[in-house]
Amino acid sequence: MHQGEILTEQKGKSRLGAAPQATRGSLRQEAAEKLANPSPASAPGNSTPELLHELQVQQIELEMQNEELRSAHTAIEKSRDRYADLYDFAPVGYITLSAHGTINEINLTAAALLGMERGKLIQRRFAPFVVPENTDLWHQHFMRTKHKREKLSFELALKPDVGPVLHAQLDCLPADDLVHIVLIDITERKRMEKEILERRNEMAELHTLHVAAQTAAAIAHELNQPLLAIASYSKAALMLMKAETPDFGKIAKAIEGCERQSHRAGQSIRDLLQLLSTEEFPTEEFDLNQEITDVLETARLEHELQFDSLLRLENDLPPILANRAHVQKVLFNLLRNGIEAMQDAGVPLPAITVTVCTKANAGVALVTIQDNGPGIMQEHAHRLFEPFFTTKAKGIGMGLAISRMLIEENGGQLWMDEQQGCGATFHLTLPFAS
Ligand code: ADP
């Protein structure tokens, strides 16, 4: 409706209240007649000047009403424009489809997502914008929304007129024989989800590789010592055999040494594999003082390690509960590390002090192994228990990592004494049987 129309219409209404439009002309006529032929019998209030005055009053009144209408109209237009903007530039796409699946209405966001001008999209079918792999899915959901009046949410891949495939989330709402669609571009979210999945797979692969590398290194660590011992026993046996008068007694001892070390290697690998698997390992009650004495003896005799030892063992120590092979392995690792450090540093009198006592109120035995070697450099201290950390030319860097794992698996703890002083000091705890 034009403003002129509003003006004319309102003039008619204002003069006669709710008078029909047909009376508009007669109002003007009546007024004009009264002005031209003032009735002699007319009341004093009906004189021409009075009528003129009345008309002027009504004209002003009508103009005021017209002004009000005009501003109401402007407000309505503004509000309509605002809603049009909200519809067109909403962050999500809005599409209204006919029952046949053609586009009746579409906002600018949805048109941009479909890669086509809005004008060209009207009356076009929506289905061709769906990638062929999703056509069935689209059809099923459209039918369900249309016929079963269901409100559905689902994801679809769309092929815009220009540009790459986009992933969208569609919310379909039934309305009479129309279907309203809210279209949300989720391409970026999909890309990020894919990237996260790829990263996760890469991480899992790296983790598997890392675990494999650590397992291989742990096995190498376990085999290293017995193999070295077997090599020296074999060398000795060969030399003895090549002598003019071979000493068969010594040869037999060297071969026995080889056999013992082979068994030790086999046992170490079995222990390690058992530990790495989730299998429960056997534990038993035993005397820790006796075990430490035996390990020192074995280190001297079987591994030919040269060192002085000072034992400070607590009397009447209650039996501990642990896996004996694990405890032996850890004690031997710590002992050998100390002796190697002292030998490398050329300490003339390698000495090891082993103290065993009860840790007050904690229900555990505390073992302290201290050497008189060069000690641990401060910058290495925080890395000692990391797998593969070594400062030795032929080291593998798994001894302390495995030792800590073994002690923790047996309910204890293993740590290095941070106090800087002469030599290195390691502490470990093990639980008592009761
Ligand atoms: P590896 O013996 O193969 O190097 P470990 O895990 O047993 O592996 O030891 C890691 C590192 O800790 C050693 O390379 C060494 O630098 C340091 N370390 C361990 N024990 C001692 C010790 N008693 N004195 C000095 N350094 C030690």
Side-chain angles (χ1 to χ4, degrees), residues 210-211 213-229 231 264-265 268-269 271-272 275-276 292 295-296 298-300 302-312 325-356 366-410 412-429:
H210 189 64
V211 168
Q214 284 199 11
T215 310
I219 289 173
H221 177 268
E222 294 305 302
L223 289 181
N224 212 21
Q225 286 304 316
L227 284 178
L228 281 174
R264 178 184 292 269
S268 293
I269 296 299
D271 290 347
L272 187 69
L275 189 82
L276 294 175
I292 289 172
V295 169
L296 290 175
T298 314
R300 273 200 196 89
E302 284 189 22
H303 299 276
E304 293 165 3
L305 296 177
Q306 308 289 321
F307 61 96
D308 268 356
S309 59
L310 175 63
L311 281 177
R312 288 197 194 118
H326 291 173
V327 174
Q328 284 171 355
K329 200 185 296 291
V330 174
L331 290 170
F332 184 72
N333 278 348
L334 295 175
L335 208 57
R336 189 165 51 79
N337 270 346
I339 294 163
E340 280 179 2
M342 291 186 284
Q343 279 170 351
D344 289 350
V347 176
L349 186 66
I352 296 261
T353 308
V354 185
T355 313
V356 177
L366 174 71
V367 182
T368 302
I369 298 181
Q370 189 177 12
D371 60 59
N372 64 342
I376 313 286
M377 289 172 74
Q378 205 161 6
E379 61 262 41
H380 294 159
H382 68 288
R383 301 198 53 203
L384 282 199
F385 292 91
E386 278 178 19
F388 302 118
F389 176 77
T390 182
T391 56
K392 300 173 192 166
K394 289 187 179 169
I396 296 172
M398 290 301 289
L400 287 178
I402 293 174
S403 298
R404 177 172 269 180
M405 181 173 75
L406 289 173
I407 291 297
E408 285 177 356
E409 287 288 322
N410 281 276
Q413 284 177 318
L414 169 62
W415 70 100
M416 189 207 73
D417 206 323
E418 293 282 347
Q419 271 182 0
Q420 298 294 310
C422 177
T425 305
F426 287 87
H427 302 285
L428 68 90
T429 57

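Only this structure's heavy atoms are used, side chains among them; waters, hydrogens and symmetry mates stay out. Counting convention: from 1, in listed order, for ligands and their atoms alike.
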**Phe426 vs Leu335, side chain to side chain contact (heavy atoms under 4.5 Å, CB included): CA-CA, chis, key distance, verdict** = CA-CA 10 Å; Phe426 287 87; Leu335 208 57; over 6 Å; no

**Prompt:** When you measure from the side chain of Asn372 to the backbone N and O of Gly423, does any donor-acceptor pair fall under 3.5 Å?
**Reply:** no

**Prompt:** Under 4.0 Å from any heavy atom of Gly395, which atoms of ligand 1 are there?
**Reply:** 3 (O)

**Message:** Looking only at distances, can you tell me whether any N or O atom of Thr391, backbone or side chain, sits closer than 3.5 Å to an N or O atom of ligand 1?
**Reply:** yes

**Message:** For atom 4 (O) of ligand 1, which of the options Ile352, Asn224, Thr390, Thr425 provides the nearest non-hydrogen atom?
**Reply:** Thr390

**Prompt:** Any chance the side chains of Thr368 and Arg312 put a donor and an acceptor closer than 3.5 Å?
**Reply:** no

**Message:** Heavy-atom pairs closer than 4.0 Å: do any link ligand 1 to the side chain of Asn333, the backbone, both, or neither?
**Reply:** neither

**Prompt:** Between the side chain of Asp371 and the main-chain N/O of Gly373, is any donor-acceptor distance below 3.5 Å?
**Reply:** yes

**Prompt:** Among all residues two or more places apart in sequence or in another chain, which pass the salt bridge (Lys or Arg N to Asp or Glu O under 4.0 Å) test with Arg264?
**Reply:** Glu302

**Message:** Return the closest protein heavy atom for atom 8 (O) of ligand 1 as residue, atom name and distance.
**Reply:** Gly397 CA, 3.2 Å

**Prompt:** Tell me: protein heavy atom nearest atom 24 (N) of ligand 1, and distance?
**Reply:** Ala341 CB, 3.4 Å

**Numbered atoms and elements of ligand 1 in range of Asp371, under 4.0 angstrom, heavy atoms** = 22 (C), 23 (N)

**Request:** Side-chain contact test, heavy atoms from C-beta onward, threshold under 4.5 Å: evaluate it for Leu310 versus Thr355 and give yes or no.
**Result:** no

**Asked** Nearest 0.5 Å, what's the CG-NE2 distance between Leu334 and His427?
**Response** 11.5 Å

**Fill in**
atom 20 (N) of ligand 1 has as its nearest protein heavy atom Asn337 CB, 3.4 Å

**Prompt:** When rounded to the nearest 0.5 angstrom, what is the spacing between CG in Leu331 and CZ in Arg336?
**Reply:** 13.0 Å

**Asked** So which protein heavy atom does atom 2 (O) of ligand 1 come closest to, and at what separation?
**Response** Lys392 NZ, 2.7 Å

**Request:** Name the closest protein heavy atom to atom 17 (C) of ligand 1, giving the residue it belongs to and the distance to 0.1 Å.
**Result:** Leu384 CD2, 3.7 Å

**Complete:** The atoms of ligand 1 lying under 4.0 Å from a heavy atom of Phe426, numbered in the order shown, are 20 (N), 23 (N)

**Prompt:** Is there a donor-acceptor pair under 3.5 Å between the side chain of Thr429 and the backbone N or O of Gln413?
**Reply:** yes

**Fill in**
atom 26 (N) of ligand 1: closest protein heavy atom, distance to 0.1 Å, is Ile376 CD1, 3.3 Å

**Item:** For Gly375, the ligand 1 atoms whose distance to one of its heavy atoms is below 4.0 Å
**Value:** 25 (C)

**Complete:** One finds that the ligand 1 atoms under 4.0 Å from a non-hydrogen atom of Gly338 are 23 (N)

**Asked** Hey, is CD on Glu386 packed in by over 12 heavy atoms from elsewhere, all under 6.0 Å?
**Response** yes

**Message:** As an exercise, identify every atom of ligand 1 less than 4.0 angstrom from a heavy atom of Ile396.
**Reply:** 3 (O)

**Message:** Starting from atom 6 (O) of ligand 1, what is the nearest protein heavy atom, named by residue and atom, and what distance separates them?
**Reply:** Leu400 N, 2.9 Å

**Asked** With a cut-off of 4.0 Å, which atoms of ligand 1 are near a heavy atom of Ala424?
**Response** 22 (C), 23 (N), 24 (N)

**Message:** Among all the protein's non-hydrogen atoms, which is closest to atom 11 (C) of ligand 1, and how far away is it?
**Reply:** Phe389 O, 4.0 Å

**Asked** Do Arg404 and Phe385 meet the cation-pi criteria used here (NZ or CZ under 6.0 Å from the six-membered ring centre, within 45° of the axis)?
**Response** yes

